Number of protein chains: 2
Amino acid sequence: MTETNEEYEVTQMPIWSAGEEWCGVTASMQLIGKKWHPVIISRLLKHGTLRFNQLQDEIGDITNKVLSDSLEDLQQKNLVARTVVNEKPVRVEYELTEQGKSLKPVIEALHKWGTTHVQPVTNDEDTLTQ
Amino acid sequence: MTETNEEYEVTQMPIWSAGEEWCGVTASMQLIGKKWHPVIISRLLKHGTLRFNQLQDEIGDITNKVLSDSLEDLQQKNLVARTVVNEKPVRVEYELTEQGKSLKPVIEALHKWGTTHVQPVTNDEDTLTQ
DNA sequence: CGGTATCCCCGGTGATACTG
DNA sequence: CAGTATCACCGGGGATACCG
């Protein structure tokens, strides 16, 4: 609630590194460094708006609780907005806030690097010599 | 050892999301999604080569064990190279591999977003109205 | 200097079941 | 449909001490 579009303020401590300026990398990681956050955000970036179960299907192997917790965390951080549409049955929609959308370059960088520099292992058989 | 410059192969499972193509975001997070990895990498990107204690000083609040563990992990993932210089006392240098250096855009994106969109909280007093 | 070796703790993650 | 409510686990992260 209290739809403020302000920046989320980091309260955890280790933000400053000794003798260095503010570490933006650490700051970012505190907001999106959780296991499922980047995937969730990338999904919302791609589809715009998604409902709970849609999100769950998109991601595939995430439990209710974990998805719920993650979304809650993302809301607190003002990266995701939750909208309840009073229909029958109730529909709940999730979308990125402006803050969240501003993460696009970050997610794209992650995606690009992942697809370019990481080799997936199709584990039908280990083709490793050792 | 065995200085292969190949791509690290992901062995953990949840790489594919249901009905979707390879998820590069998840892949990336499996490699650099640990708490200290991005900071370490950003430090090495900035300084090129650093010794153990230099790295520790740069980061500030990281213990021996954790830094050691993180570096070990980064080596396994072929992102960081370790060189032992036999002097007295022994000098050990860490630098990014080519793989590691290729992360530059990612780290830059994280840094830029963090410095632009996250407000640091200098906790001398809570200036929050609520 | 550049690490190991222990030990411990907490919370992120997860499985399962239940609800408005 | 969109979640809570429990309970449990496991390992990343950390403090401290020791070593070649």
Side-chain angles (χ1 to χ4, degrees), chain A residues 1 11-15 17-18 26 29-41 43-44 47 49-77 80-95, chain B residues 1 11-15 17-18 26 29-41 43-44 47 49-77 80-95:
Chain A
M1 302 306 157
T11 50
Q12 273 91 317
M13 276 308 5
I15 307 284
S17 52
T26 306
M29 289 308 288
Q30 289 191 14
L31 295 191
I32 63 168
K34 304 278 174 184
K35 180 170 183 179
W36 295 103
H37 287 197
V39 197
I40 293 172
I41 294 170
R43 259 42 234 167
L44 291 175
H47 295 92
T49 299
L50 287 173
R51 287 184 295 154
F52 190 86
N53 284 350
Q54 286 180 319
L55 213 35
Q56 194 168 16
D57 291 344
E58 275 287 329
I59 296 171
D61 52 350
I62 186 173
T63 61
N64 289 343
K65 178 179 179 300
V66 174
L67 179 55
S68 183
D69 289 353
S70 303
L71 285 170
E72 201 174 322
D73 190 46
L74 286 168
Q75 281 174 250
Q76 276 190 15
K77 287 164 176 169
V80 165
R82 193 184 108 122
T83 314
V84 180
V85 183
N86 264 328
E87 294 182 343
K88 209 183 52 164
V90 175
R91 194 207 307 185
V92 180
E93 295 188 330
Y94 293 93
E95 59 185 341
Chain B
M1 306 300 160
T11 49
Q12 272 91 316
M13 276 311 0
I15 308 284
S17 53
T26 306
M29 290 308 288
Q30 290 191 15
L31 295 192
I32 63 168
K34 304 279 173 184
K35 180 170 184 181
W36 296 103
H37 287 197
V39 197
I40 293 171
I41 294 169
R43 263 37 235 167
L44 291 175
H47 294 92
T49 299
L50 286 173
R51 286 186 294 155
F52 190 86
N53 284 348
Q54 287 182 319
L55 214 33
Q56 194 169 15
D57 291 345
E58 275 287 328
I59 297 171
D61 52 350
I62 185 172
T63 61
N64 291 345
K65 178 182 176 298
V66 175
L67 179 55
S68 183
D69 288 354
S70 302
L71 285 171
E72 200 174 325
D73 190 45
L74 286 168
Q75 282 173 252
Q76 277 188 15
K77 286 164 175 167
V80 165
R82 193 183 108 121
T83 313
V84 180
V85 182
N86 263 327
E87 293 180 344
K88 210 182 56 165
V90 175
R91 193 206 308 183
V92 181
E93 297 189 329
Y94 293 92
E95 59 185 341

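Keep in mind that this is a model prediction, so the values were computed, not measured. Just so it is clear, the values below take in all heavy atoms, side chains as well, and ignore hydrogens, waters and symmetry mates.
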Sort me out a list of protein N/O and nucleotides 13-20 of chain C N/O pairs below 3.5 Å, or just none if empty.
residue	atom	partner	partner atom	Å
dT13(C)	OP1	Lys35(A)	N	3.3
dG14(C)	OP1	Lys35(A)	NZ	3.1
dG14(C)	OP2	Trp36(A)	NE1	2.9
dG14(C)	O6	Lys65(A)	NZ	3.4

message: Nearest whole Å is fine: how far is dG12(C) P from Glu72(A) CD?
response: 12 Å
- request: Return the value, rounded to whole Å, for the distance between atom CG of Asn86(A) and atom P of dC1(D).
  value: 17 Å
query: Can you check the Asn53(A) CG to dT4(D) P distance for me, whole Å?
result: 13 Å
message: At less than 4.0 Å, is any side-chain N or O atom of Arg51(A) found next to OP1 or OP2 of dG3(D)? Yes or no.
response: no
query: Rounded to whole angstrom units, what separation is found between the CD atom of Gln30(A) and the P atom of dG13(D)?
result: 13 Å
query: Considering all heavy atoms of both residues, which atom of Arg43(B) and which atom of Ile59(B) are nearest to each other, and what is their separation?
result: CG-CG1, 4.4 Å
statement: By side chain to side chain contact (heavy atoms under 4.5 Å, CB included), Arg51(B) pairs with (sequence neighbours left out) Gln54(B), Arg91(B), Glu93(B)
Phosphate OP1/OP2 of dC1(D): any Tyr94(A) side-chain N/O under 4.0 Å: no
field: pair Val92(A)-Phe52(A): side-chain heavy atoms closer than 4.5 Å
entry: no
task: Check the pair Leu71(A) / Arg82(A) against side-chain contact (heavy atoms from CB on, under 4.5 Å), numbers first and verdict last.
output: CA-CA 9 Å; Leu71(A) 285 170; Arg82(A) 193 184 108 122; over 6 Å; no
- request: Could you tell me whether the side chain of Gln56(B) reaches within less than 4.5 Å of the side chain of Ile62(B), counting heavy atoms only?
  value: yes
message: In whole Å, I'd like the distance from the CD1 atom of Ile40(A) to the C1' atom of dG12(C).
response: 13 Å
- prompt: Rounded to whole angstrom units, what separation is found between the CZ atom of Arg91(B) and the P atom of dG2(C)?
  reply: 9 Å
query: Can you check the Leu55(B) CG to dC1(C) P distance for me, whole Å?
result: 14 Å
message: What is the distance, to the nearest angstrom, from the CG atom on Leu67(A) to the P atom on dG12(C)?
response: 16 Å
- prompt: So among Ile40(B), Val66(B), Asp73(B), Leu74(B), which one has a side chain to side chain contact (heavy atoms under 4.5 Å, CB included) with Lys34(B)?
  reply: Asp73(B)
